[in-house]
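I have placed the structure first, in the form of structure tokens, so that the comments after it can refer back to it.
One is the number of the first residue; the rest follow in order along the sequence.
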Amino acid sequence: MDYVNCKLCPRQCGVDRTAGERGFCGCPDGALVAKTMLHKWEEPALAGSGGSGAIFFGGCTLGCAYCQNYAISRHPAGTPVDGAALRQMMEELIRQGAENIDLVTPTHFLPTILPALEPKLSVPVVYNCGGYERVETLRALEGKIDIYLPDMKYADSTLAGMLSGAPDYFSVASEAIREMVRQTGSVVWQGDKVVRGTIIRHLILPGHVENSLRVLDWIGETFAPGQVLVSLMRQYTPMGGLPAPFDRPVTQQEYEAVLSWMYLNDLEGFAQEESAADRAFIPDF
């Protein structure tokens with residue numbers, strides 16, 4: 001796995017990033033780290049008391065129109081690091097008390113990240129991604145990732161094309177998440193913390209309750225009760241420049257409709273409070 005003829009993500013641009021070519025993500029060869037921090041606002045079963053040891057990478061393979069991390073995702077930003085420097089960052093976060101190492105939007109830098117994960121760290125490694133992943137790429141991670149934290153953003157291909165430029169999102173993400181669950185198996189708890197398994201995030205979008213219901217239907221139909229956890233996210237925050245209905249937060253009625261459907265599907269997991277839709281929770285990049 002390398003940056004030559006890059007096909008790390010489903011867009012499969014095929015560019016030679018070592019020669020200065022740039023594909024959809026716009027990123028160079030070698031990782032860009034925009035921020036490291038003890039992230040206290042991840043799911044409680046991940047953050048624990050010490051926080052997740054989050055490493056935010058610059059650039060993204062999706063480029064969602066409503067991205068809260070747009071400052072680093074749309075225009076790749078960060079400090080260039082090699083595998084050795086990245087390993088040092090991980091170990092420093094662990095010394096600071098991190099409950100896990102949380103790799104945020106990492107796929108386009110895997111050739112740099114993979115060596116940094118050897119030897120195995122003393123805390124779980126979380127793969128925090130948009131769900132839009134190649135199964136072939138994920139297979140290179142087997143045995144190295146303890147917890148997958150993918151989004152399942154869309155069941156609606158028109159919505160996926162309009163907001164993320166990925167009309168094939170659902171077919172790609174559904175196969176990717178199946179692969180993640182195959183690798184991790186069912187969720188494993190250690191006290192009140194998850195130490196292994198897959199947690200599927202879903203962000204409710206304003207005006208598109210039906211999309212959320214279809215996503216939850218798919219999860220309920222695909223996985224046995226308790227096999228995965230669902231994190232139902234209410235944190236959609238209007239970032240400006242988007243038309244209605246994306247120029248407003250999710251309403252209480254929309255949220256309650258989706259939350260009720262989650263319970264009707266016998267899905268276990270987490271749900272956010274209304275206060276989560278606040279720019280104050282967006283890391284300062």
Side-chain angles (χ1 to χ4, degrees), residues 1-34 54-64 67 69-70 72-87 89-90 101-118 125-154 160-161 164-184 198 200-201:
M1 181 181 290
D2 57 35
Y3 296 112
V4 178
N5 190 29
C6 184
K7 295 184 179 179
L8 294 169
C9 86
R11 300 195 188 272
Q12 300 189 60
C13 300
V15 299
D16 183 354
R17 289 162 63 183
T18 66
E21 297 177 5
R22 300 289 180 264
F24 180 91
C25 68
C27 290
D29 63 320
L32 296 174
V33 173
I55 300 177
F56 290 87
F57 293 95
C60 182
T61 59
L62 270 176
C64 302
C67 181
N69 295 349
Y70 69 92
I72 64 170
S73 65
R74 293 184 189 170
H75 304 287
T79 301
V81 297
D82 59 13
L86 186 57
R87 178 74 182 202
M89 291 176 176
M90 296 175 182
I101 292 300
D102 182 9
L103 305 173
V104 184
T105 320
T107 301
H108 46 299
F109 293 130
L110 277 182
T112 302
I113 294 170
L114 285 172
L117 297 177
E118 299 290 345
V125 176
V126 179
Y127 199 82
N128 184 340
C129 66
Y132 191 60
E133 307 289 338
R134 290 189 72 203
V135 169
E136 294 81 0
T137 299
L138 292 173
R139 285 177 181 151
L141 293 165
E142 188 159 7
K144 297 178 173 61
I145 302 301
D146 302 287
I147 301 166
Y148 280 104
L149 186 61
D151 292 330
M152 181 47 124
K153 297 176 183 289
Y154 312 105
S164 299
D168 60 345
Y169 180 92
F170 178 74
S171 61
V172 170
S174 58
E175 290 304 311
I177 292 173
R178 285 189 180 97
E179 171 64 17
M180 295 173 190
V181 176
R182 184 196 69 77
Q183 289 185 22
T184 65
T198 299
I200 303 172
R201 285 175 165 174

Q: Enter the distance from I72:CD1 to C67:SG here, rounded to the nearest 0.5 Å.
A: 7.5 Å
(Q) How long is the straight-line distance from CG of L110 back to SG of C9, given to the nearest 0.5 Å? (A) 10.5 Å
Q) Hey, is the main chain of K153 close enough, under 3.5 Å, to the side chain of D151 for a donor-acceptor pair? A) no
Q. Just how far is it from atom OG1 of T137 to atom NE2 of H108, taken to the nearest 0.5 Å?
A. 13.0 Å
Q: With sequence neighbours excluded, tell me which residues meet side-chain hydrogen bond (donor to acceptor under 3.5 Å, both in side chains) with T112.
A: Y3
Q | Under-4.0 Å salt bridge between K7 and E136 | A | no
Q) In chain order, what residues pass the side-chain hydrogen bond (donor to acceptor under 3.5 Å, both in side chains) check against E175, with sequence neighbours excluded? A) R178
Q.
Side chains of L103 and F57, heavy atoms from C-beta outward: is any pair under 4.5 Å?
A. yes
Q) Are the side chain of R17 and the backbone of V15 linked by a donor-acceptor contact shorter than 3.5 Å? A) no
Q. Can any side-chain N or O of D82 pair as donor or acceptor with the backbone N or O of A85 at less than 3.5 Å?
A. yes
**Q.** Side chain proximity check, I147 to V125, heavy atoms < 4.5 angstrom
**A.** no
Q) Can T184 and T198 be counted as having a side-chain donor-acceptor contact under 3.5 angstrom? A) yes
Q) Of all heavy-atom pairs between L141 and Y148, which one has the smallest distance, and what is that distance? A) CB-OH, 3.4 Å
Q.
Between M180 and E133, is there a side-chain heavy-atom distance shorter than 4.5 Å?
A. yes
Q. If you measure from CZ on R11 to SG on C25, what distance do you get to the nearest 0.5 Å?
A. 10.0 Å
Q: Would you check if there is a donor-acceptor pair between the side chains of S164 and Y154 at a distance under 3.5 Å?
A: yes
Q: Kindly give the heavy-atom pair with the smallest separation between P10 and V172, and that separation in Å.
A: CG-CG1, 3.6 Å
Q) Any side-chain heavy-atom pair from L8 and P111 closer than 4.5 angstrom? A) yes
(Q) Pair E118, K144 - check salt bridge (Lys or Arg N to Asp or Glu O under 4.0 Å), show working. (A) CA-CA 8 Å; E118 299 290 345; K144 297 178 173 61; 3.7 Å; yes
Q | pair M90-L117: side-chain heavy atoms closer than 4.5 Å | A | yes
Q | M89/I101 under side chain to side chain contact (heavy atoms under 4.5 Å, CB included): CA gap, chis, key distance, verdict | A | CA-CA 10 Å; M89 291 176 176; I101 292 300; over 6 Å; no
Q. So do the side chains of T79 and L32 get within less than 4.5 Å of each other, counting heavy atoms only?
A. no
Q) What are the two closest non-hydrogen atoms of F24 and L62, and how far apart are they? A) CZ-O, 3.6 Å
Q: Report the distance from atom CG of D29 to atom CG of D2, rounding to the nearest 0.5 Å.
A: 10.0 Å
Q) Taking only residues two or more places apart in sequence, or in another chain, which ones meet T18 in a side-chain hydrogen bond (donor to acceptor under 3.5 Å, both in side chains)? A) D16
Q. Would you call E179-R182 a salt bridge at under 4.0 Å N-O?
A. yes
(Q) For C27 versus G59, what's the shortest heavy-atom pair and its separation? (A) SG-CA, 3.8 Å
Q.
Distance alone, cut at 3.5 Å: any donor-acceptor contact between the side chains of Y127 and D146?
A. no
Q) Do the non-hydrogen side-chain atoms of C6 and C13 ever get within less than 4.5 Å of each other? A) no
Q) Looking at side-chain heavy atoms only, is the closest gap between L86 and I55 below 4.5 Å? A) yes
Q) Do you know the tightest heavy-atom contact between G58 and F109? A) O-CE1, 3.1 Å
Q | Shortest non-hydrogen separation from V104 to F56 and the atoms involved | A | CG1-CD2, 3.7 Å
